[in-house]
Amino acid sequence: MSDAQRSEPDSTADLLQIQDLHVRIGGSHILQGVSFAVPGSGVTALLGRNGAGKTTTLRAVLGLVPRTGTVVFDGEDVSGRRPYEIVRRGIGYAPEDRGVFGGLTVAENLRLAERDPSPRYDLVYELFPELRTRAKQAAGTLSGGQQQMVAIGRALLNDNRMLLVDEPTKGLAPKIVTEVAEVLERAAATVPILLVEQNLALVRRLTDRAVLIAEGRVAYTGTLSDDPERLQELLGVSRV
Amino acid sequence: MTAIVKRWWPLAALAALVCVPYLQIPVPGVLPDVLNRPGSLQLIAICLLFAGFAVTYDLLFGHTGLLSFGHALYVAAGSYTANIVVTKLHWGWGPALIATAGVGLLLPVLLGAVALRVRGIAFAMVTLAFAQVGSILVMSARITGGEEGLSLSDTPEIFAGVANTFRLYWLALAYLVLVVLVVRWSVESEPGRVWRAIGDNERRVTVLGLSPYRFRLLSYVLSAFLATLGGVVHLLLLGGSNPQITTSAFTVGLLVMTVLGGAGTRWGALLGGVLYTYLDQRLAALAGSDAVAGLPAAVRLPLEQPQFILGVLFMVVVYFLPGGLAGLSQHLAGLSRHWRRAT
Amino acid sequence: MSTLVLLTLTGLGLGALYFLIASGLSLIFGLADVLNFAHGLFLGVGAYATWWAATYAPFGVAVAVGVLAGTILAVAVELALIRPLYARPIQQVLVTVGLSAAGVALLQAGWGADPLTFTKPGWTATTTRVLGAAVPNDRFLLIGAAVAVFAALLLFLRRTRYGLIVRAGVEDRAMVTALGIDVRKAFTVVFAIGGAAAALAGALAATYFGSITPGLGGSLLIFAFIVVVIGGMGSLTGCALAAVLVGLVQQFANYYAAAGVGEASVVLLLAVVLLVRPGGLTGRTAT
């Protein structure tokens with residue numbers, strides 16, 4: 001708990017600052033005062049057990065769930081903004097379970113996500129050549145891995161200033177997991193990423209910086225290598 | 001002191017209502033006639049009867065969270081079943097009541113079993129569709145008298161004639177009391193708690209091993225059965241069956257009463273029912289008054305339409321008084337408590 | 001044979017009317033979760049505006065006036081009454097119920113409760129011989145209008161950016177906003193489309209029935225609701241299929257059985273579809 005209080009964000013370097021975020025849905029208090037900051041480069045991992053509130057945190061940042069507290073993006077308080085306004089400030093979001101529109105084709109899914117005057121289709125197609133060959137296929141008929149490519153492709157299409165990526169490797173075959181990791185690694189070179197991920201090995205490959213959420217509160221902020229045993233205990237997992 | 005008042009005022013109000021036929025009080029403007037004259041008693045009786053209908057509707061909408069657009073079907077079933085047995089089949093009132101009770105149970109069991117397979121807005125549409133069929137059948141069949149309606153040929157001796165209007169008044173009052181007691185009892189019983197729980201969080205109910213479907217059906221059938229009984233009272237009070245009571249507009253009226261008064265509250269539906277029915281009946285008379293007649297046409301013509309005024313009033317309540325009139329009274333009570341504490 | 005042809009074309013004409021009403025209802029419900037009871041009012045306003053304009057202008061212009069009136073009303077309703085209540089679907093239904101009651105009463109205040117005679121424009125008052133049957137031309141007008149609207153809506157949904165937003169929004173509204181799109185603008189668009197189509201239905205219903213009443217929309221609305229549920233809420237193709245099915249079933253059953261049986265069969269159809277496929281004929285997609 002004391003760690004959470006000590007991690008006052010540094011307003012000059014941090015791109016995203018979250019202060020005292022509360023979310024109540026249908027009588028349950030899911031986030032109970034979450035505060036942390038995400039710096040303007042590299043990957044920040046958001047860890048925690050199932051149901052700890054990681055996905056809700058990402059959704060709360062975007063205003064997709066009713067919340068109280070402050071969200072500051074690039075020095076601007078966006079707490080009162082509607083979700084689409086927050087996203088337009090330069091946030092790409094690849095949600096849990098991908099959020100791909102099954103009735104739309106791959107090309108239409110990408111076209112819907114276009115925000116910039118010149119979307120970076122060359123980059124997206126270079127990373128995921130399959131999206132070009134399957135452009136006319138309904139996204140609902142794609143495999144899980146291909147749908148994840150659409151989801152990440154949508155986030156990379158615009159010149160975003162931050163990406164929120166939620167469990168991108170969930171339910172994917174090991175080979176695709178590696179592919180996704182490579183794409184995230186490459187993306188992280190140019191844009192900061194706030195990443196929710198259960199696969200700790202993959203997280204370690206991408207970053208050493210983590211925020212750990214337990215029971216709706218920030219339980220740990222710092223590096224992964226500092227105190228592996230404590231981390232393991234908090235996460236309650238053994239797949240390190 | 002206030003606790004005693006709170007506890008006993010419903011009984012005091014009931015006692016006053018029971019005594020109304022003995023009170024020869026002039027109420028110019030408010031009622032068509034002196035308080036205990038047949039014209040006035042008839043009007044109050046209709047208000048009480050519709051308050052009863054609204055309370056049965058609130059059992060569905062307010063207490064179980066089911067938005068039905070087909071409640072009129074059961075009122076009509078009560079009125080027409082009894083009427084057809086008495087007027088067309090000449091079997092007398094005993095068999096009429098038995099037949100009505102049978103229909104009042106069977107019909108909602110069958111229709112509810114189908115309609116409750118879907119939830120929310122789809123349920124609303126399905127109930128609407130069922131009721132519409134009932135309405136079309138009543139309006140086109142010969143045995144129901146079609147669009148003309150069906151006059152009751154044989155009124156029981158004790159209710160016959162204008163001089164006995166006071167007995168019909170008591171009948172309507174008795175119906176309202178019965179409905180309020182049954183609904184109150186059922187809501188506070190074990191199933192009632194489950195109904196409320198379904199409205200709040202259905203999954204939790206399922207996890208407890210209870211079937212929300214069965215509890216919803218129970219609520220649906222009870223509400224429909226009470227409405228069917230009310231249909232018989234309606235038949236006696238109006239001396240016949242009018243196809244107007246089969247329409248979706250009739251159900252919408254009940255919905256408006258319930259929301260107006262405050263859905264799912266102790267007295268909301270009852271108050272809303274009385275207020276709506278009174279306005280619906282009296283606004284027409286008010287529109288004919290000299291004060292309105294002097295207004296320019298653009299203002300006068302809408303004011304002559306009770307449905308316009310009620311529709312606007314309803315929207316105002318939905319926007320500004322989400323808890324209905326019952327919510328308003330609580331709000332005022334809160335304000336006055338606050339004010340008393342402050343001084 | 002000639003009876004069969006006449007019944008089929010009349011059933012299709014009725015289905016066309018249902019489609020015009022139900023398509024807007026379905027899109028509004030699919031995208032914005034609003035069960036719009038005021039849709040019958042949009043239809044009524046379209047019918048009365050067309051009736052009024054028909055005394056000054058040719059039929060085509062009068063219909064355009066009616067459609068414009070319905071569109072403006074629908075947009076105004078969305079912006080002023082529905083928008084403040086998003087995320088409160090029950091309240092939205094209630095407001096449209098109140099609006100419908102008040103609006104129909106206003107029509108009644110203005111033009112009376114009695115039916116107003118609507119003179120059929122020249123061509124629709126005559127008949128055409130099809131396979132031995134003398135078919136009134138208003139059937140073709142209804143069917144043609146519905147097919148044109150269906151094609152235009154498909155083009156809109158498939159080819160325009162707003163169409164793309166509507167289709168995606170029917171599937172997952174929150175995700176559309178998470179892509180940086182103000183989905184509420186699309187709500188206004190579907191209300192405008194729904195209002196226009198309903199008003200067109202009003203003008204055509206006036207031609208078909210030869211008269212208009214303030215309650216005209218209300219009775220058609222109930223069957224449009226049934227079409228929406230059978231077709232699968234939010235699905236345009238499902239809506240078209242269901243409209244044709246309901247129109248034909250109603251027409252044939254009423255003719256071969258008895259008056260009222262058609263309506264009862266339609267509701268039976270609804271019950272069967274709900275028992276077998278609770279989601280309607282098609283899944284939750286906009287096309």
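Chain letters run A, B, ... following the sequence lines, proteins first and then strands; every chain starts at 1.
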Practice prompt. Would you indicate whether A/Glu215, at its atom CD, is surrounded by more than 12 heavy atoms from other residues, nucleotides or ligands within a distance under 6.0 Å?
Written response: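 Count not over threshold, so no.
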Worksheet item: Is a donor on one side and an acceptor on the other found under 3.5 Å between the side chain of A/Glu108 and the backbone of C/Leu164?
Response: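 Such a contact is absent between A/Glu108 side chain and C/Leu164 backbone.
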Discussion item. Could you check whether any side-chain N or O of A/Arg115 sits under 3.5 Å from a backbone N or O of C/Ile181, counting only pairs where one atom can act as donor and the other as acceptor?
Written reply: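 Side chain of A/Arg115 to backbone of C/Ile181, a donor-acceptor pair under 3.5 Å: no, none is there.
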Worksheet item: For A/Pro95, is it the side chain, the backbone, both or neither that has a heavy atom under 4.5 Å from a heavy atom of chain C?
Response: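 Only the side chain of A/Pro95 comes within 4.5 Å of chain C.
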Practice prompt. Measure the OH-CG distance between A/Tyr84 and C/Leu179 for me, rounded to the nearest 0.5 Å.
Written response: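 Output value for this atom pair is 14.5 Å.
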Any side-chain heavy-atom pair of [X] and [Y] under 4.5 Å:
{"X": "C/Met175", "Y": "A/Arg98", "answer": "no"}
{"X": "C/Val170", "Y": "A/Phe101", "answer": "no"}
{"X": "A/Arg82", "Y": "C/Thr177", "answer": "no"}

Item to complete: Would you mind checking which part of C/Val176 comes under 4.5 Å of any heavy atom in chain A, side chain (CB onward), backbone (N, CA, C, O), both or neither?
Response: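 Both backbone and side chain.
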Discussion item. If we define contacts as heavy-atom pairs under 4.5 Å, which of A/Leu112, A/Val100, A/Leu64 has the most with chain C?
Written reply: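 Result: the option with the highest number of such pairs is A/Leu112.
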Fill in: Derivation of the side-chain contact (heavy atoms from CB on, under 4.5 Å) call for C/Glu171 and A/Leu104
CA-CA 10 Å; C/Glu171 275 189 50; A/Leu104 273 55; 4.0 Å; yes
